[in-house]
Amino acid sequence: MDISIFEVLGPVMIGPSSSHTAGAARLARVAALIAARPFSRVDFGLSGSFARTCRGHGTNKALLAGAMGLAADDERIRNAEALAAQRGLEARFYEEDLDWLHENAAHITFYHADGQTEVWGASLGGGRIRVSRIGGFETDIRAECPTLVVHHLDRPGVVSEVSRTLAESGLNIAVMRLARQAKGQAASLVIEMDGAIPPEVGERVRQLQHVTEVIVIDVS
Amino acid sequence: MYHSFKEWFAAAERRGLSLAQVVLENEMALEETDVETVLATLADRWQVMRAAAEKALDAPQPMTGGLISGQAQKQTHYAETGGFTGAALNKAMAWALSASEVNASMGRICAAPTAGACGVLPAALMAAAELLWAGARQIQDALLVASGVGALISRNATVAGAEGGCQAECGAAAAMAAAAVVTLAGGSNAMVGQAVSIALMNCMGLVCDPVAGLVQLPCSFRNASQTVSALLSADLALAGQDAVIPPDEVLEAMARTGHSLPAALRETGMGGVAATPTGKRLKKELKLDEL
């Protein structure tokens, strides 16, 4: 049997829907980690079933709560709007055609003091998610295990330097995906690890030549 | 490794293990973890399930639309009279209604196998455990067997209402719960299989038709009725009834039936009771399709 019993008895989550509530919270939480900087406003473009059944499933509250870093089983999700007001966070929801992405898709824009971060992703069902695009990069981030996202310049040897640093720290790579905008330009490396990623390892990768940004995503 | 009820039961027999032990060993191998971790997580999940099944008994939960707010409390009061089906079944229904209310109110629940069906397994298992004076260890085994059943339904049929209708959600939960109750009562492996077949036969083709697209109505009543179905399926199996159709074949029928349901009856809120004049009026009044 290749299905874990905790996929059957789980997830532990805030209702009412694993795809429209738990998955929404998780997607926005991962997106906020990817944004990696403080933001004062966040916009959610929603399509398909996500847009149509948003308020009935509390998808808006879940997305907002996730953007504020709340986990999918945090009972404060219900009061996400009040919490956002307390924190001075502004949020906007609008309908957008994202059918190319998924039935339950979201386009999340974070507004920082010095620019924006855009993240596109979807809730796949059962609380599972996928981030498909970050800014100009196509990607595939599921966040089902600790994940390292390394933005860098597309130069020979960067990938092997990153994997060597991880190996030296005793970390095992489960899956590695590389995406680039164009040859020699900005590139993005998504690395799923078998175990937790200690902060100092992220810092060591950040020090490598041609690496511009390192994001550690651990929401398991 | 097992991929069907037949293989699961054969593995247990061949190795002289209980069904629960086979599930436990498979989980440890699959997740590369130890027995303590699995059992601790299982105990945590059971704690969440029980808390949700009790939370709304004396406190109606607020929710968007409010279609099922207060149901658990009403049933709890009524259970004291004994009703027609007895205090135990009425109490079991109250537990199922409570979990449904908590889920609808954006409270904390444990999906089993889905959020919409999260009341069935805890309610049926709590009812059986109370009657049998069952302890934590027995409940643990019952939950392992229930998960084994759920994993097989998920793999060989479906547990998504959008794919298979309510039979795939509350129906699957009833099959899991029936297997759990038979395990708790010390029934044989064959009886576990019979209970699964009976529970799924009794809701074959049940549609998913949430009013106004909310996970409230008829979801809470289906949680209550499938809880009762789980307990009676266990009773039928424990009495030695022969379901005749093996559980693997019932799963096949369930998948086939689910796929032949029109989309209107698969969690779109477009058919069944959702499409009644009252259902449509509620949808319009609640304006839930606006962002």
Side-chain angles (χ1 to χ4, degrees), chain A residues 1-25 44-47 49-63 65 71-80 92-96 103-104 124-127 145 172 194-195, chain B residues 1-3 8 23-24 26-27 30-31 38 41-42 44-46 48-49 52 63-65 100 102-116 118 121 143-144 146-155 159-160 162 176 212-216 219 268-269 286-291:
Chain A
M1 175 51 62
D2 50 3
I3 297 171
S4 164
I5 60 171
F6 298 118
E7 271 181 57
V8 179
L9 299 187
V12 171
M13 52 170 269
I14 296 304
S17 160
S18 58
S19 54
H20 289 67
T21 321
F44 299 95
L46 306 178
S47 76
S49 170
F50 245 25
R52 226 77 65 216
T53 66
C54 180
R55 294 205 306 121
H57 284 120
T59 306
N60 51 344
K61 294 179 180 180
L63 285 166
D73 67 340
D74 194 317
E75 292 193 294
R76 291 174 297 169
I77 288 179
R78 194 191 285 168
N79 307 318
R92 197 170 68 91
F93 295 86
Y94 62 96
E95 194 159 352
E96 182 178 345
E103 165 78 355
N104 286 327
L124 307 176
C145 38
N172 195 35
D194 279 337
Chain B
M1 224 25 190
Y2 58 94
H3 306 93
W8 182 18
V23 173
L24 183 58
N26 182 76
E27 182 68 18
L30 180 69
E31 297 293 312
V38 176
T41 308
L42 196 61
D44 286 348
R45 303 267 157 122
W46 178 238
V48 174
M49 285 188 221
M63 63 190 71
T64 305
S100 296
V102 170
N103 184 53
S105 75
M106 300 193 80
R108 197 157 178 261
I109 59 99
C110 177
T114 64
C118 71
L121 178 61
L143 287 171
L144 285 167
S147 327
V149 171
L152 282 169
I153 298 175
S154 184
R155 189 180 189 282
V159 297
M176 290 163 60
L214 293 167
V215 192
Q216 295 183 15
C219 317
T268 52
L286 292 170
K287 291 188 185 144
L288 294 172
D289 51 354
E290 288 171 19
L291 268 179

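Order of the sequence lines sets the chain letters (A, B, ...), proteins ahead of strands, with each chain counted from 1.
Of the two parts of B:Leu152, the backbone and the side chain both hold a non-hydrogen atom closer than 4.5 Å to a non-hydrogen atom of chain A. In this structure, the portion of B:Ala104 lying under 4.5 Å from any heavy atom of chain A is its backbone and not its side chain. Both the backbone and the side chain of B:Ile109 come within contact range of chain A, each with at least one heavy atom under 4.5 Å from a heavy atom of that chain. Contacts of A:Ser4 with chain B are made by both backbone and side-chain atoms, with heavy-atom separations under 4.5 Å. Residue contact with chain A, scored on non-hydrogen atoms closer than 4.5 Å, is absent for B:Met63. Proximity to chain A is limited to the side chain of B:Thr64, based on heavy atoms less than 4.5 angstrom apart. A:Asp73 touches chain B through backbone and side chain together, each having a heavy atom under 4.5 Å away. With a threshold of 4.5 angstrom between heavy atoms, B:Leu42 approaches chain A through its backbone and through its side chain. Of the atoms belonging to B:Val149, not a single heavy atom falls under 4.5 Å from chain A. Looking at A:Asp74, there are no atoms closer than 4.5 Å to chain B (heavy atoms on both sides), in backbone or side chain. Residue A:Tyr94 touches chain B through its backbone alone, counting heavy-atom pairs closer than 4.5 Å. For B:Thr268, no part lies under 4.5 angstrom from a heavy atom of chain A.
A:Thr59 contributes a side-chain N or O that, together with a main-chain N or O of A:His20, makes up a donor-acceptor pair within less than 3.5 Å. Checking side-chain atoms of A:Thr53 against main-chain N and O of A:Ser49 turns up a donor-acceptor pair under 3.5 Å. In this structure, the side chain of A:Thr21 does not engage the main chain of A:Ser18 through any donor-acceptor pair within 3.5 Å.
Applying the salt bridge (charged side-chain N to carboxylate O under 4.0 Å, His left out) definition to pairs two or more places apart or across chains, none involves residues 8-18 of chain A.
Of all heavy-atom pairs between B:Pro113 and B:Met176, the closest is CD-SD, 3.8 Å. In plain terms, the two heavy atoms of A:Ile77 and A:Ala72 that are nearest each other are CD1-O, 3.9 Å. Nearest heavy-atom pair across B:Val48 and B:Cys110 is CG1-N, 3.7 Å. Between A:Met1 and B:Met1 the shortest heavy-atom distance is N-SD, 2.9 Å. Annotation for B:Arg45 and A:Phe6: closest pair NH1-O, 3.1 Å, computed over non-hydrogen atoms.
Chain A forms the most heavy-atom pairs under 4.5 Å with one residue out of B:Ser147, B:Ser105, B:Ala111, and that residue is B:Ala111. No other option in B:Leu30, B:Leu24, B:Val159 has as many heavy-atom pairs under 4.5 Å with chain A as B:Leu30. Options B:Ser100, B:Ala52, B:Ala151 differ in how many heavy-atom pairs under 4.5 Å they form with chain A, and the most are formed by B:Ala151.
Scored by the side chain to side chain donor-acceptor pair (under 3.5 Å) test, A:Asp194 finds A:Asn172 as partners (sequence neighbours excluded).
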